[in-house]
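Step one of this worksheet: look at the structure below.
Every value quoted in this text rests on a predicted model; they were computed, and no experiment measured them.
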Amino acid sequence: MTDTGAPAPVGFEYRHTVAFAETDLCGRVDHVTFTRWQARCQELFLREHAPGVLCDEIDGPRLFTQQVECELLAPVAPLDEIRIRLTSADVGHTGLELAFDHVRTAEDGTTTLTARGRQRIVCMSGRPGEAVPTFLPDALVRALEPYRRASDADPAQLIGPLAGSTP
C-alpha cells in the first residue's frame, strides 16, 4: 500500500486511447497493433527508468527483440482506453523476458484483460554482422527489479487499480 491507501503498482503502465486508424474496416484491432503497443510501452519504460540503455554507440551494448507473442482475449474498439502493463518475467545474464497485460477500463471502472503478450530480448555488442551476446546493463537490471512478476501471478491482481502511468 502507498501513502494514499492505493495498492502498490503491479507494473510499468502505458495508457493509450485506441485510434480509428488502428482498427480494420470492421473496427477491430489486430495482433500487430497490440505488439506495437507493447514495443511503445517498452520504449517508454527504458526512457523513464534506464535512459542510458538507449545509447546509439555502433559497437556498444544494444537490445534486440528476439521473440514476440500476443494472445488476444477480448475485442478492442476505437476510443477504448487501454492500459498496457509491463512486468519483468525473467532476467538472465544476457537476456530477459518482458510480460505485457493489455487492460481495458470501462466508464463504470470495470476492467477487462483484452490481451496478454511477451517479448524475449537479448543484449548484444559489437559491430553489425559481428555482434555477440553480452551482459545486460546493470542500470536495466536495477530498473526492472521493482517490476518483477511473480511466476505464479494471479491475473486478477494484474488488472487491479490504476498504477502510476505514463502519458
Side-chain angles (χ1 to χ4, degrees), residues 1-54 63-91 95-121 136 139-167:
M1 300 291 264
T2 64
D3 293 338
T4 61
V10 292
F12 176 82
E13 194 169 270
Y14 161 56
R15 290 184 193 184
H16 182 77
T17 302
V18 179
F20 284 96
E22 296 173 310
T23 64
D24 62 17
L25 291 174
C26 298
R28 292 182 297 237
V29 175
D30 67 15
H31 71 284
V32 173
T33 302
F34 279 92
T35 55
R36 191 173 36 241
W37 294 339
Q38 289 177 184
R40 180 70 177 148
C41 185
Q42 175 194 349
E43 292 168 358
L44 293 173
F45 173 81
L46 291 173
R47 183 185 75 179
E48 188 172 316
H49 294 285
V53 174
L54 298 173
L63 300 177
F64 291 90
T65 302
Q66 188 177 42
Q67 183 179 8
V68 175
E69 63 183 52
C70 188
E71 179 183 13
L72 305 185
L73 304 171
V76 173
L79 304 180
D80 279 350
E81 296 287 331
I82 303 294
R83 292 179 283 153
I84 298 97
R85 290 185 178 156
L86 173 155
T87 53
S88 138
D90 182 36
V91 177
L96 60 96
E97 185 170 299
L98 300 175
F100 298 87
D101 293 300
H102 301 246
V103 179
R104 178 182 53 227
T105 303
E107 288 184 20
D108 65 359
T110 58
T111 58
T112 304
L113 183 62
T114 59
R116 180 170 272 165
R118 290 189 175 264
Q119 290 185 358
R120 182 81 195 147
I121 297 166
L136 291 169
L140 177 59
V141 173
R142 284 192 307 272
L144 287 168
E145 184 61 31
Y147 299 101
R148 187 172 6 167
R149 174 182 230 156
S151 60
D152 57 350
D154 177 5
Q157 174 195 12
L158 298 173
I159 55 173
L162 283 173
S165 63
T166 303

Do T105 and R83 have side chains that approach each other closer than 4.5 Å (heavy atoms only, starting at C-beta)?
yes

Heavy-atom check, side chain of L63 versus side chain of L46, under 4.5 Å
yes

Where at least one partner belongs to residues 68-81, residue pairs that pass side-chain hydrogen bond (donor to acceptor under 3.5 Å, both in side chains), sequence neighbours excluded:
T17-E81

Side chains of V103 and I82: does their closest heavy-atom pair fall under 4.5 Å?
no

Shortest non-hydrogen contact between G27 and P78, atoms and distance:
O-CD, 3.5 Å

Indicate yes or no for a side-chain donor-acceptor contact from R85 to the backbone of Y14 under 3.5 Å, with no hydrogens or angles considered.
no

Side chains of D101 and L113: does their closest heavy-atom pair fall under 4.5 Å?
yes

Criterion side chain to side chain contact (heavy atoms under 4.5 Å, CB included) against I84, the qualifying member of H16, Q42, R40
H16

I'd like to know if R36 pairs up with D30 as an ion pair, taking the criterion as any Lys NZ or Arg NE/NH1/NH2 lying under 4.0 Å from an Asp or Glu carboxylate oxygen.
no

Under 3.5 Å, is there a donor-acceptor pair between the T65 and R120 side chains?
no

Please state whether the rings of H102 and F34 are parallel, tilted or perpendicular, taking 30° and 60° as the class boundaries.
perpendicular

Using a strict 4.0 Å threshold on nitrogen-to-oxygen distance, state whether E145 and R142 make a salt bridge.
no

Evaluate the criterion side-chain contact (heavy atoms from CB on, under 4.5 Å) for residue pair V18 and T33; output intermediate values, then yes/no.
CA-CA 10 Å; V18 179; T33 302; over 6 Å; no

State which residues pass ring pair (Phe, Tyr, Trp, His ring centres under 6.0 Å) with F45; sequence neighbours excluded, sorted by chain then number.
F12, H49, Y147

Could you please spell out the steps behind the side-chain contact (heavy atoms from CB on, under 4.5 Å) verdict for R104 and T112?
CA-CA 5 Å; R104 178 182 53 227; T112 304; 3.7 Å; yes

Are L98 and R118 packed together at the side-chain level, in the sense that at least one heavy-atom pair is separated by less than 4.5 angstrom?
no

Within the side chain of E22, is there an N or O that forms a donor-acceptor pair under 3.5 Å with the backbone of A19?
yes

Quick one: do Q38 and V68 satisfy side-chain contact (heavy atoms from CB on, under 4.5 Å)? Show the steps, please.
CA-CA 9 Å; Q38 289 177 184; V68 175; 4.2 Å; yes

Calculate, to the nearest 0.5 Å, the distance between atoms CG and OG1 belonging to L73 and T114 respectively.
7.0 Å

Validation row: D90, S88 side chains within 4.5 angstrom (heavy atoms)
no

Once rounded to the nearest 0.5 Å, what's the spacing between atom CD of E13 and atom CG of L44?
12.0 Å

Any chance you could measure L144, atom CG, to R149, atom CZ, to the nearest 0.5 Å?
13.5 Å

Is there side-chain contact between T87 and R148, with heavy atoms separated by less than 4.5 Å?
no

Quick one: does F100's side chain get under 4.5 Å of Q119's, heavy atoms only?
yes

